[in-house]
A.B. asks: 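The structure is given below, and queries will be raised subsequently.
Letters A, B, ... mirror the listed sequences (proteins, then strands); counts begin at 1.
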Amino acid sequence: MLIKLSGARVFDPTQNWNGEVRDIFMRDGRMVAEPEPGARIDETYSLPGRVIMAGAIDMHTHIGGGKVNIARMMLPEDHRRDLVERGEHTRSGCGCAAPSTLTAGYRYAEMGYTACFEPAMLPVNARQAHLEMGDTPMVDKGAYAMLGSDDFFLRMMVAQEDQRAINDYVAFTLNAAQAMAIKVVNPGGISAFKFNQRSLDLDESHVHYQGVTPRKVVLALARALEELSVPHPLHIHGCNLGVPGNVETTLDTIAASEGFPIHLTHIQFHSYGTEGPRKFSSGAARIAEAINNNPHVTADVGQILFNQTVTASGDSMAQHRNAHHGSPRKSVVMDIECDAGCGVVPFRYRDKNFVNALQWAIGLEIFLLTNDPWRIFLTTDHPNGAPFTSYPHLIRLLMDKPFRDEMFARIDPDAAALSTLGSITREYTLAEIAIMTRAAPARILGLQDCGRLGPGASADIVVYRDDANREDMFTKPEYVFKGGVRVVKDGKIQQVTWGNVHVVKPEYDRAIEKRVSAYYDRYQTISLNSLRVRDDEIPLLSNGAELRVHTCARHRGKP
Amino acid sequence: MTVSGDLKQLYYSETLAHNSMTTTHTSVCCGFCGLLCDDLTLEEQGGVLQVTAAGCARASSAFARVSGATDAQRSPRIKGHPTDLPTAIAAAAKILAGSQLPLFAGLGTDIHGMRGLMDLADHCGAVLDHMNATAKFRNILTVQGYGWVTTTFSEVRNRADLIVVMGSDVASRFPRFYERLVWPAEALFVPDLSQRKIVSVGTAQTAAAQSPEGVTPHHIPCGNADLPDVLAALRARFNGQGLAVTEVAGVPVSALDELAQQIREAQYAVLVWVAPDLDFPQAELTTQMIAGLLGDINQKTRAAGLPLGGNDGDFSADAVLIWQSGFPFRTSLASGKPDYNPHLYDTEGLLERDEADALLWVSSLDSRDARPETKVPTVVLADAGMPVDDDVAVWIPVATPGVDCEGHLFRGDKILALPLRAVIDTGLPTIKVVAQGILKQLESA
Ligand code: SF4
Ligand SMILES: [Zn+2]
């Protein structure tokens, strides 16, 4: 079946399509080149005045796994703000800060997102992440496995093992957890918290694993991913999250990578200075400058927006430290399996609160001062900065200077006085939005057939009305196609699909499995066979989803 | 519409020795309590399973009972009369179709069974409740109100130097708890395991808790119903507050002072409780007190709670319900939207008040028949080991995850979902297959 979308302005940065009017074609779920004249076209959509982009990709969103389900369980009062009725095609559920899996999938698709990546999958909790992602319809998914506070790795660091052994362990973990990338969270710090260390600076030694510092952990893992040619570089949630002055830590972390590619996640939470009367200030300009000057660095912002949400993080140390800021005041902190940890704290960001207001401004400053849209990604670190449903609002803040000024005028004046936001005139263009929400995440993840519209790509297509109010425009696309199937019309689900599971499977020396297996038998409470998520389990865990295995080769460099 | 994909036969059997008489299965994962031990060896003779290594008495009897069921026990029944599966499914569908408010209860199933039941419940507008929910709410309400600091099995095994058990003989519900988590051969961060201290408050521990050197846990006796008072006093003393009394519910304050000091000095104290054993009015005050104490301890040193569960698939059914609806048990889908009310949607209350007019009772794991008294038309999905009740409208024997079908269950610390395999093939349908069959009938009606 050949389908033609005709007359819209099309944005695909990988093709250098920057909004010129053109016709695009799909056949049997894939994009195809313009057919020979006279070819039979089965269906034509006439779309003058519309804007077309590839399906959007959320490269950092907490949609599945233990801590997300803890957040759901903790927040019945939040779900009650947005109970979702079952529909003709859709199941009942709930929205807001910690939506049900089903509702999350529907809402992502209704906003034009066709792929989502869970960034903090604990290897021991990998099945739960795959189960919840499996029950998240509509979108493709994948997850990043967490390493860096697990006992096996920290012991390797103490023993100063050869980098090749570390590479094997990293590759083994990617395979065993069915993961797309590796994330490190508060490097070594989650473990240190279990030994009653309450903070761990970049060059501070872990109390138990003597001599092991976050700097060494970051370097070993960043290097491993580079040497394994895993497309996505080390995904780093750095030390000192939320601590005033952590801008220095973040700049030092960039240096610590020694030129190996790294991705700094929710960098807004790591861009705080200590200037000003309240010893809390914006480090955004320095961070943006560092990103601009270091081509091996990418970042997503983790923008906060003013509303009720919940923070769910692997960083048990930081979450325990911040639990008293919780609103409503409750929190769950968990130490997990000599492997990792997590913490869940509900949070309400207020525009009249000095700190929250400045956090909001810092995020926007980072977006607007970072020059290269291929290296900065649009995230709220859902749900930590705000639920993903606020993306259209965030896009408007980036694209619409008068609107941004209006919002800026409402925030706490002391915070506003410390921000340069009002003087920044930049407005993101549609072409830049297409880069940062489509082409760039596909490139940084090594997804060959997503985030673009050229021939051969998956027919994941979003048709927007070109509304001057960009929030309205991005809230409710006219059509969304997933793999060639029209799944959304006028912002409502028409058909439910289930998406694929994206993974990488780098090669490694199987000798490492014997070591890990012996370690599991000696100390852990399951065997290695119970830990490992087998390929043939994926369809059962993930609702019939297929594994999409991506080659481990570098896709860096602009097209 | 249907969420779940097809259930496939996925698990290969790790079969070591094989002769015409006996087959040996190694590294079998046992689903008969929340510990999910994955180290069992089973011998199969004529389809009947016997635990020959690892395991415990509960596992031995459960594997033997489920695998040794008779053909009669494996036959679906309508009002006691044997029938075939399609007829039984049609009869079950008819009962649900005629119901204004069906109640899906028991819910002793694994993750995939629960996914199938959720599809069906959403279609029928059912209420979902679990046979262990009353006990589980002692924990759930505390998390929803306050939160807590918790830990998992391997952390306990490797890190805890002080384990305080409150109100429970843990081994009675989790037979290998002490063997596997407390007295292993070695631990990562407790170099000398003989120094690991066990204290029980309230119910005493049985012999399983003894250390390899024969040391029995230190016991602070009190009635379980006095635990809220005793723990409040412990918390006060931990925080250095004076008490006007010298004993609380028969417990000398000096004993609590001693325990408070042990907690302060521990590198990692673990407080263990088992909610079903806190069976007294306002038991949630106990879990709140524990959560509060954990919060206090963690201001300066490290401690964590271990609220053990996972029996009868309770964590598995609960987890699926939470991620698919947003809410734990006692959620009604009757209005088309999830409606969560722990005080309104309990099995006994709904039946006593004549609100539920049909019951789908599910218990597929360990032949536990915790059905409530009721006259409403009832469909039972039960493992083959369950004694058949011929008065029930529709009785459908189903496969048991980890015995005659594959599946996934959440472990008793909620962090691991472990795979269970079909050790033997009895041809019994899974709960998911039955739920999908009923749903198909209802959708085509
Ligand atoms: S302790 Fe529990 S999981 Fe382990 S063998 Fe016994 S019943 Fe099975
Ligand atoms: Zn995150």
A.B. asks: By a 4.5 Å heavy-atom criterion (distance strictly below it), what part of B:Thr151 contacts chain A: side chain, backbone, both, or neither?
C.D. replies: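 Both backbone and side chain of B:Thr151 come within 4.5 Å of chain A.
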A.B. asks: Less than 4.5 Å to any heavy atom of chain A: does that hold for the side chain of B:Pro338, its backbone, both, or neither?
C.D. replies: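 Interface part for B:Pro338: both.
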A.B. asks: Is there side-chain contact between A:Glu337 and B:Asp413, with at least one heavy-atom pair below 4.5 Å?
C.D. replies: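 A side-chain contact under 4.5 Å exists here.
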A.B. asks: Return the minimal non-hydrogen interatomic distance between A:Arg86 and B:Leu333, and the atom names on each side.
C.D. replies: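 Closest pair (atom of A:Arg86, atom of B:Leu333, distance): NH1-O, 3.5 Å.
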A.B. asks: Got a donor-acceptor contact below 3.5 angstrom from the B:Asp38 side chain to the A:Ile526 backbone?
C.D. replies: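 No.
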A.B. asks: Where the side chain of B:Arg157 meets the backbone of A:Thr525, is there a donor-acceptor pair that is under 3.5 Å apart?
C.D. replies: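 Here the side-chain-to-backbone pair does not exist.
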A.B. asks: Would you give the length of the straight line joining atom CG of A:Asp151 to atom CG of B:Asn158, rounded to the nearest 0.5 angstrom?
C.D. replies: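 Answer rounded to 0.5 Å: 7.5 Å.
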A.B. asks: Can you tell me how far CD1 of B:Ile415 sits from CG of A:Asn125, rounded to the nearest 0.5 angstrom?
C.D. replies: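 Answer for the CG-CD1 pair, A:Asn125 versus B:Ile415, is 4.0 Å.
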A.B. asks: Please report the closest heavy-atom contact between B:Glu155 and A:Asp339, naming both atoms and the distance.
C.D. replies: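 Nearest pair, atom of B:Glu155 first, then A:Asp339: OE2-N, 4.3 Å.
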A.B. asks: Heavy-atom pairs under 4.5 Å with chain B - which of A:Lys194, A:Gln524, A:His208 has more of them than the others?
C.D. replies: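 Maximum pair count with chain B is reached by A:Lys194.
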A.B. asks: Which atom names give the shortest non-hydrogen contact between A:Tyr523 and B:Ala187, and what distance separates them?
C.D. replies: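 Distance-wise, the nearest heavy atoms are CE2-C, 4.0 Å.
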A.B. asks: Just by distance, no angles: are the side chains of B:Tyr268 and A:Asp335 close enough, under 3.5 Å, to form a donor-acceptor pair?
C.D. replies: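 On atom types as modelled, these side chains qualify, holding a pair under 3.5 Å.
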A.B. asks: Determine whether B:Phe153 and A:Ile336 make a side-chain contact, defined as any pair of heavy atoms from C-beta on separated by less than 4.5 Å.
C.D. replies: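 SC-SC contact between B:Phe153 and A:Ile336 ruled out.
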A.B. asks: Can you tell if the side chain of B:Leu188 reaches within under 4.5 Å of the side chain of A:Cys338, non-hydrogen atoms only?
C.D. replies: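 SC-SC contact between B:Leu188 and A:Cys338 confirmed.
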A.B. asks: Does any heavy atom of chain A fall under 4.5 Å from the side chain of B:Lys300, the backbone, both, or neither of them?
C.D. replies: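 Contact with chain A is through the backbone of B:Lys300 alone.
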A.B. asks: State the CH2-CD distance between B:Trp323 and A:Glu132, to the nearest 0.5 angstrom.
C.D. replies: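 CD of A:Glu132 is found 5.5 Å from CH2 of B:Trp323.
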A.B. asks: To the nearest 0.5 angstrom, please state how far the CG atom of A:Leu131 sits from the OG atom of B:Ser316.
C.D. replies: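 Going from CG on A:Leu131 over to OG on B:Ser316, the span is 9.5 Å.
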A.B. asks: Contact part of A:Val84 toward chain B, heavy-atom cut-off under 4.5 Å: side chain, backbone, both or neither?
C.D. replies: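 The backbone, not the side chain.
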A.B. asks: For residues 308-326 of chain A, give me every residue with a non-hydrogen atom less than 4.5 Å from any non-hydrogen atom of chain B.
C.D. replies: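 Result: A:His320.
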A.B. asks: For B:Arg115 and A:Leu541, work out which heavy atoms get closest and say how close.
C.D. replies: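 Heavy atoms of B:Arg115 and A:Leu541 come nearest at NH2-O, 2.6 Å.
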A.B. asks: Can you say whether A:Tyr520 sits under 4.5 Å from chain B via the side chain, the backbone, both, or neither, judging by heavy atoms?
C.D. replies: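 For A:Tyr520, there is no contact with chain B at all, as no heavy atom is under 4.5 Å.
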A.B. asks: So which atom in B:His408 and which in A:Glu537 form the shortest heavy-atom distance, rounded to 0.1 Å?
C.D. replies: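 Where B:His408 meets A:Glu537 most closely, the heavy atoms are NE2-OE2, 2.6 Å.
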A.B. asks: Can A:Ser92 and B:Asp122 be counted as having a side-chain donor-acceptor contact under 3.5 angstrom?
C.D. replies: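 A:Ser92 vs B:Asp122: donor-acceptor pair found between side chains.
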A.B. asks: Quick one: which of B:Ala291, B:Gly147, B:Gly336, B:Gly305 has the most heavy-atom pairs under 4.5 Å with chain A, could you say?
C.D. replies: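 Looking at each of B:Ala291, B:Gly147, B:Gly336, B:Gly305 in turn, B:Gly336 comes out on top.
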A.B. asks: Evaluate whether atom CZ of B:Phe137 has more than 12 neighbouring non-hydrogen atoms of other residues, nucleotides or ligands under 6.0 angstrom away.
C.D. replies: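 For B:Phe137, atom CZ is crowded (more than 12 foreign heavy atoms under 6.0 Å).
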A.B. asks: Answer with side chain, backbone, both or neither: which region of B:Asp339 has an atom nearer than 4.5 Å to a non-hydrogen atom of chain A?
C.D. replies: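 Nothing of B:Asp339, per the 4.5 Å heavy-atom cut-off to chain A.
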A.B. asks: Only pairs of heavy atoms separated by less than 4.5 Å count here; which of A:Arg80, A:Gln128, A:Arg522 has the most with chain B?
C.D. replies: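 Going by pairs under 4.5 Å, I would pick A:Arg522.
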A.B. asks: Using heavy-atom distances under 4.5 Å, tell me whether B:Ile111 contacts chain A through its side chain, its backbone, both, or neither.
C.D. replies: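 For B:Ile111, the side chain is the part near chain A, not the backbone.
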A.B. asks: Please classify the contact between B:Ala304 and chain A as side chain, backbone, both or neither, with a heavy-atom cut-off of under 4.5 Å.
C.D. replies: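 Looking at B:Ala304, just its side chain touches chain A.
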A.B. asks: Regarding B:Arg159 and the six-membered ring of A:Phe195, is the cationic atom NZ or CZ under 6.0 Å from the ring centre and inside 45° of its axis?
C.D. replies: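 Yes, B:Arg159 and A:Phe195 form such a contact.
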A.B. asks: Side chain from CB out, backbone as N, CA, C, O: work out which of these in B:Leu181 comes under 4.5 Å of a heavy atom of chain A, or both, or neither.
C.D. replies: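 Side chain of B:Leu181 only, per the 4.5 Å heavy-atom cut-off to chain A.
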A.B. asks: Which one wins on heavy-atom pair count under 4.5 Å against chain A: B:Lys337, B:Lys414, B:Gln267, B:Arg180?
C.D. replies: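 Most heavy-atom pairs within the cutoff with chain A belong to B:Lys337.
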A.B. asks: Are any side-chain N or O atoms of A:Arg127 and backbone N or O atoms of B:Leu416, one a donor and one an acceptor, separated by less than 3.5 Å?
C.D. replies: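 Side chain of A:Arg127 to backbone of B:Leu416, a donor-acceptor pair under 3.5 Å: no, none is there.
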A.B. asks: How long is the gap from CG on A:Leu83 to OG on B:Ser325, to the nearest 0.5 Å?
C.D. replies: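 One gets 10.0 Å once the value is rounded to the nearest 0.5 Å.
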A.B. asks: Within residues 69-79 of chain A, which positions have a heavy-atom distance to chain B below 4.5 Å?
C.D. replies: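 Under the 4.5 Å heavy-atom cut-off, A:Asn69, A:Arg72, A:Met73, A:Met74, A:Pro76, A:His79 qualify.
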A.B. asks: Closest heavy-atom contact between A:Ser530 and B:Pro419?
C.D. replies: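 Looking at all heavy atoms of both residues, the closest pair is O-CD, 4.0 Å.
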A.B. asks: Between B:Gln324 and A:Asp135, is any side-chain donor less than 3.5 angstrom from a side-chain acceptor?
C.D. replies: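 B:Gln324 vs A:Asp135: donor-acceptor pair found between side chains.
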